[in-house]
Amino acid sequence: MAGTQHVFPEFQQQLGSKVANLTSDTLKVGLIASGTFTWGATPQGYTYVSQFLAGDGTHGALTEVSTSGTGYTRYSLVSPAYTTSGEVSTLTCSTNPSWASATFSTVYGFLYDATVGGGDSSHPIICYWDWGGTKSPSAQPWTITISASGLLTW
């Protein structure tokens, strides 16, 4: 399940100034249960997870999937690898992010660097994925399938 990706420009700047390291830092995937987020002028300036969770300034806050009885916790990427070729940057990992026995609804996913900072107010937000609608697994595995071109390409 890969969705439309949106890479936050502020993260690209942090990457260039070596604040974050995509191959040695702990990168995590979170899931949003509800809310509306529209990519535009305001979100493009977001730097931290807490800014993303607070919403786009028009639609209100986003609600993360509950960790109580849903099979959900934020997922740590396994063996992330970062490459560049010309002007294209690609992030891959060795396994698809997945939740073994998921019972939740999700409208978006987000990727962040959990090594930098001490919490959502200082963890850099990397990108988010829009699934194009609500996905609702019920007591079954749910996976974000990594495409042949990588988990994230920009």
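Residues: numbered from 1 along the sequence shown.
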- Query: Of the non-hydrogen atoms in Tyr72 and Leu31, which two are nearest, and what is the gap between them?
  - Reply: OH-N, 2.9 Å

- Over all atoms of both residues, closest heavy-atom pair of Asp25 and Pro80: O-CG, 4.4 Å

- Item | Contacts of type side chain to side chain contact (heavy atoms under 4.5 Å, CB included), residue Ser76, not counting sequence neighbours | Thr26, Lys28

- Ser138 and Thr103: which non-hydrogen atoms are nearest, and at how many Å? C-OG1, 3.8 Å

- Query: Sub-3.5 Å donor-acceptor pair from the side chain of Gln51 to the main-chain atoms of Tyr48, do we have one?
  - Reply: yes

- Item | Glu64 CD to Phe104 CZ distance, which is reported to the nearest 0.5 Å | 11.0 Å

- Sorted by chain and number, sequence neighbours left out, side chain to side chain contact (heavy atoms under 4.5 Å, CB included) with Ser24 holds for Asn21

- Item | Nearest-0.5 Å distance, CG of residue Leu77 to CD1 of residue Ile144 | 9.0 Å

- Take Val107 and Phe37 through the side chain to side chain contact (heavy atoms under 4.5 Å, CB included) test and state the conclusion after the steps. CA-CA 10 Å; Val107 292; Phe37 195 86; over 6 Å; no

- What's the spacing between Tyr75 OH and Thr95 OG1 if we round to 0.5 Å? 3.0 Å

- Query: Of the non-hydrogen atoms in Phe110 and Val49, which two are nearest, and what is the gap between them?
  - Reply: CE1-CG1, 3.8 Å

- Taking Thr63 for its side chain and Ala33 for its backbone only, find out whether a donor-acceptor pair lies under 3.5 Å. no

- Aromatic plane relationship, Trp99 with Trp142 - under 30° parallel, 30 to 60° tilted, over 60° perpendicular: tilted

- Item | Backbone N/O of Ile32 and side chain of Thr106: donor-acceptor pair under 3.5 Å | yes

- Separation of Ser34 OG from Leu62 CG (nearest 0.5 Å): 8.0 Å

- Note on the structure: Taking every heavy atom of Ser122 against every heavy atom of Gly117, the minimum-distance pair comes out as OG-CA, 3.2 Å

- Looking only at atom types and distance, does a side-chain atom of Asp113 sit under 3.5 Å from a main-chain N or O of Thr115, one as donor and one as acceptor? yes

- Task: Check the angle between the aromatic planes of Tyr108 and Tyr128 and answer parallel, tilted or perpendicular using the 30° and 60° thresholds.
- Result: perpendicular

- Any residue meeting side chain to side chain contact (heavy atoms under 4.5 Å, CB included) with Ser66, in chain and number order, not counting sequence neighbours: Ser68, Thr70

- Value rounded to 0.5 Å, distance of CG in Asp120 from CZ in Phe52: 11.0 Å

- Task: Working to the nearest 0.5 Å, report the span between OG of Ser105 and NZ of Lys135.
- Result: 11.0 Å

